[in-house]
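All remarks here apply to the structure that follows.
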Number of protein chains: 2
Amino acid sequence: MGKKITIYDLAKKLNVSPATVSRSLNDHPSISKKTKEKIIDAAKSLGYRTNKFAANLSQQKSNTIGVIVPRLNSNFMSTVLAGIEKVANDVGYNLIISQSLESAEKEVLNAKTLYDSGVDALMISLAYGTENFDHLTTFIDRKIPLLFFDRVFDLPNCPTILIDNEAAGYEATEHLINQGCTNILHIAGGLKRNVYCQRFKGYKRALEKYGITFKEDNLVEVDLDLSRVPEVITHIKESDPKIDGLFVANDTFAVHCIKELKKEGYNIPQDIKVMGFNNDPVSEVISPNLSTMDYPGYKMGVLAGQSIIGHLNGAINLQSANQITLRHTLIIRESTQK
Amino acid sequence: MGKKITIYDLAKKLNVSPATVSRSLNDHPSISKKTKEKIIDAAKSLGYRTNKFAANLSQQKSNTIGVIVPRLNSNFMSTVLAGIEKVANDVGYNLIISQSLESAEKEVLNAKTLYDSGVDALMISLAYGTENFDHLTTFIDRKIPLLFFDRVFDLPNCPTILIDNEAAGYEATEHLINQGCTNILHIAGGLKRNVYCQRFKGYKRALEKYGITFKEDNLVEVDLDLSRVPEVITHIKESDPKIDGLFVANDTFAVHCIKELKKEGYNIPQDIKVMGFNNDPVSEVISPNLSTMDYPGYKMGVLAGQSIIGHLNGAINLQSANQITLRHTLIIRESTQK
DNA sequence: AATTTTTACGCAATCGATTGCATTAATGCG
DNA sequence: CGCATTAATGCAATCGATTGCGTAAAAATT
C-alpha cells in the first residue's frame with residue numbers, strides 16, 4: 001500500500017483538472033458521462049478515498065452527529081443509541097457519542113467538544129442537574145440543529161422526542177389504585193428532569209382523581225442509584241399507615257426494591273404491589289415479574305435519528321415536527337396482582 | 001453571536017501574523033510570554049474556537065478514535081464503551097462508535113467509514129462471522145493503531161485486551177462438576193470467535209480432567225439470541241441421560257433458560273445446576289440467583305482506552321503491552337448449590 | 001454558414017490552521 | 001561600540017477538496 005492518493009494524483013494521471021475529478025466523484029451534472037466513468041474507474045482501481053478533513057473544511061460540514069447521554073451503560077440508553085446509530089449509519093452519518101455521567105459540568109464540556117468537532121447536529125438527553133442551557137443555545141445560535149430526546153427541555157425550535165410521561169405516570173398509579181392500593185409511595189428521579197417530574201405529576205393526578213390525598217411523605221426523590229435502595233426500604237418499613245403500593249420511576253431500581261423487600265419478609269404483591277417503568281429486561285426476570293410501563297427505546301432512537309437527518313437534509317422543517325410523542329404501554333405482570 | 005472567528009481575525013485585531021496567533025494558542029516555545037498572553041486573552045474574550053477541520057487537515061490527525069462493537073445495547077458492551085468513553089474524553093479524544101450488528105459485511109462498511117473519517121486509531125470487538133480481515137489490515141498498513149478487545153483476533157502488532165476465556169470456561173465447568181454434575185450441557189456462541197471457542201475448550205478440558213467423556217451432543221452452538229432458548233429447552237428435555245448441569249456462555253441467555261426450565265417444572269439447582277458468564281445485572285435478579293463468571297467490562301474499556309491513547313502519544317510501544325489479560329472471578333450463587 | 005445555446009471542463013480562490021525557513025529585533029560579549 | 005547570538009515574529013507554502021465564474025468546444029437553431 002503506497003501513499004494516500006488525492007484528487008490531484010488522479011487529475012494528473014488522467015490529464016484533467018482536479019475540479020473535474022472532484023465533480024465527477026460527486027456526480028456533478030455538468031460532467032460528461034464518459035469522463036465521469038473514466039475518473040470513477042481510475043479512482044476505484046487506484047484505491048482513492050476522499051480525505052474527509054479537506055472535504056469538511058471546504059464544505060463546513062462533517063457528516064457527523066453528536067450525541068450526549070447521561071450514561072451509555074443503561075439498557076434504555078444503549079437501546080436508544082442502537083436505534084440512532086442504525087439510521088445514522090444507514091445514511092452515512094457518523095455518531096460521536098459522549099456521556100455526561102449525570103453531571104451538568106461534564107455535559108457542558110461535552111457540548112463544547114462536540115461543537116468544536118464541528119458536528120452537523122446535536123442530540124441530547126439531559127443530565128440530572130442541568131439547569132443552565134447556554135452550552136446548548138450556542139448550537140441554536142449557530143443554526144446547528146439540536147434535538148432533545150427522553151430527558152428534554154423546551155428550547156425554541158428544538159424538536160423533542162419523548163413519551164407522555166404524565167399520562168404514563170397517571171396510568172401506572174391508576175393501575176395500582178385499581179388493584180386496591182391506597183397508600184402508594186412514589187420513587188422519583190431528579191424532579192428537575194421532565195421525565196421524573198411528569199411521572200410524578202401523573203401520579204398525583206391519579207391520586208386526586210380517586211380521592212386519595214397526596215402526602216409529601218409518599219414522594220421520595222433519589223438519583224435512582226442502587227446504593228439508595230436501603231433508605232427506600234427503611235422508609236417503607238417505617239411507614240404508617242403501611243405502604244401498600246410502590247411506583248418506581250425505573251425498573252432497575254424497582255427490581256432491587258423487590259429483592260430487598262422480599263428479604264425483609266414482605267410478600268409481593270400481597271403486602272405491597274410494585275410498578276416499575278421502562279420495561280427493562282430485568283423486569284421479566286425478577287420474581288414476581290414486574291409490572292411496568294413499556295417505553296420504546298429503539299424506536300425513540302430511530303425516530304430521533306430520522307428526524308435530525310431529515311432536518312439536515314432539509315426534508316423536514318422544524319415547525320412541522322416539533323415534538324414527537326411515542327406511545328407507552330402499561331404492562332401488567334405479577335407484581336401488581338390482587 | 002456573530003460569525004465564527006478565525007486566527008486571521010485575531011491576527012488582524014492584534015496586529016500580528018496568523019502564524020504567531022497559531023503558535024501562541026498552541027503554546028509554542030518561541031513566542032514571548034507577553035504576546036502569548038495578549039493573544040490568549042483576546043481569543044478568550046472574542047470566543048475564538050479552533051476550527052478542527054482545518055487543524056485536522058493540516059495535521060493529518062483527528063483526535064478521534066473509532067470503535068466498532070457487535071451491538072451497543074448489551075450490558076457488557078455498553079459498560080465497556082462507558083469505560084472507553086471515560087478515558088478518551090478525559091484526554092480530549094472523541095469517540096465515533098458504530099455497531100456491526102454481528103454482521104461481517106456491516107463491520108467492513110463500518111471500518112471503511114471510520115477509515116475515511118480519519119480516525120487516529122481503531123478499537124474493535126469482532127462480529128460473529130468475521131473471517132476475513134482485509135478491512136482491518138488497511139489500518140495496519142497505514143500505521144493506524146488497531147486494538148482488539150474481548151472478541152479478538154491475532155494480527156501482527158495489534159494489542160488485544162481480554163480475559164482468559166479458556167481458564168474461565170474451565171473453572172466454570174469444574175465448579176459444576178464439583179457440585180456434582182456429571183452430564184453438563186454447554187451453550188456456546190459462535191465458535192469462530194475466541195471468547196466462545198476458548199470457553200468451550202476450557203469446558204472440554206475440565207471434563208477430561210475429571211474423567212468425563214465429552215459428547216458432541218452436549219455442545220450447542222447458537223447465536224445466543226433469546227429466540228433460540230426454546231430449542232435449547234427441547235434439547236434438555238430430550239436428553240438421555242438427563243442433563244444435570246448447564247454452562248451457558250452468557251448470562252442473559254442463561255437467565256432465560258432458567259425461566260423456561262422453571263416453567264417446565266425443573267427445579268434449579270436441584271434438577272439442573274446452571275452457570276452463566278459475564279456477571280450481568282440480571283444474574284442477581286433471577287431466582288435462584290445465577291452463578292456466573294465476573295468479567296470486568298468497565299475496566300476492560302478503561303484499559304483499552306488507556307492502551308490505545310498511550311500508544312497514540314508514543315508512551316506505550318506496541319511490543320511492550322501486546323496483550324492484556326484481565327482477571328476473571330467465579331461467582332457462586334444459588335443456581336449451582338448442591 | 002453564421003450565430004446562439006448548451007455542454008463540458010479548467011482556473012483559481014477558498015476553507016482555517018500549521019510549520020519550515022527567513023528575517024528582524026533584542027541581547028550578550030569582548 | 002560593533003559584531004555575534006539568541007529570541008521573537010512574519011512569510012508563504014501546505015494540507016485536499018470544493019465551487020463560482022469564465023471559456024472553449026460541441027450542438028442546436030435559423
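Throughout, protein chains are lettered first and strands after them, A, B, ... in sequence-line order, and every chain is numbered starting at 1.
Residue contacts shown for F53(A) are absent, as no nucleic acid heavy atom lies under 4.0 Å away. Note on V16(B): only backbone sugar-phosphate atoms sit closer than 4.0 angstrom, heavy atoms only; bases stay farther off. Residue-level contact check: T6(A) touches the backbone only, with heavy atoms under 4.0 Å from sugar-phosphate atoms and none from bases. Among the protein residues, D9(A) comes within range of no part of the nucleic acid, since none of its heavy atoms lies under 4.0 Å from any strand. Counting any heavy atom pair closer than 4.0 Å across all strands shown, S22(A) reaches a base atom. Within the nucleic acid shown, N26(B) comes within 4.0 Å of sugar-phosphate atoms alone, with no base atom in reach, counting heavy atoms only.
For K12(A), there are no salt bridge (charged side-chain N to carboxylate O under 4.0 Å, His left out) partners, not counting sequence neighbours.
Residues A54(A) and L25(B) both approach DNA chain C. Their nearest nucleotides, taken by heavy-atom distance, put A54(A) toward the 5′ side. Summary of the strand contacts: P29(B) and A19(B) both lie near DNA chain D, and taking for each the nucleotide with the nearest heavy atom, the more 5' one is attributed to P29(B). Mapping Q60(B) and I31(B) onto DNA chain D by nearest heavy atom places I31(B) at the nucleotide closer to the 5' end.
The CG atom of L10(B) sits 13 Å away from the P atom of dG10(D) (whole-angstrom rounding).
With contacts defined as side-chain heavy-atom distances shorter than 4.5 Å, the pair L81(A)/N73(B) does not qualify. Residues K86(A) and Y298(A) meet the side-chain proximity criterion, which asks for heavy atoms closer than 4.5 Å.
In this model, the phosphate group of dT9(D) is not approached by any side-chain N or O of T20(B) to a distance below 4.0 Å at OP1 or OP2. Applying the 4.0 Å criterion to OP1 and OP2 of dT9(D), one finds that S30(B) has every side-chain N and O outside that range.
For D154(A), the CG atom sits in a loose shell: 12 or fewer heavy atoms of surrounding residues, nucleotides or ligands are nearer than 6.0 Å. Other residues, nucleotides and ligands contribute only 12 or fewer heavy atoms inside 6.0 Å of the NZ atom of K299(A). The environment of CG in D41(A) is crowded: more than 12 heavy-atom neighbours from other residues, nucleotides or ligands sit within 6.0 Å. By the 6.0 Å contact criterion, NZ on K13(B) is open, its count of non-hydrogen atoms from other residues, nucleotides or ligands being 12 or less.
Ring planes of F148(B) and F133(B): perpendicular class, angle over 60° (limits at 30 and 60°).
Rounded to 10 degrees, the angle separating the terminal helix axes of the helix from dA1(C)-dT30(D) to dG30(C)-dC1(D), each built from five base pairs, is 40°.
Of the N and O atoms on the side chains of S117(B) and N94(A), at least one donor lies less than 3.5 Å from an acceptor on the other residue.
On the nucleic acid side, DNA chain C contacts chain B at distances under 4.0 Å to non-hydrogen atoms, with the end points of that region at dG16(C) to dG20(C).
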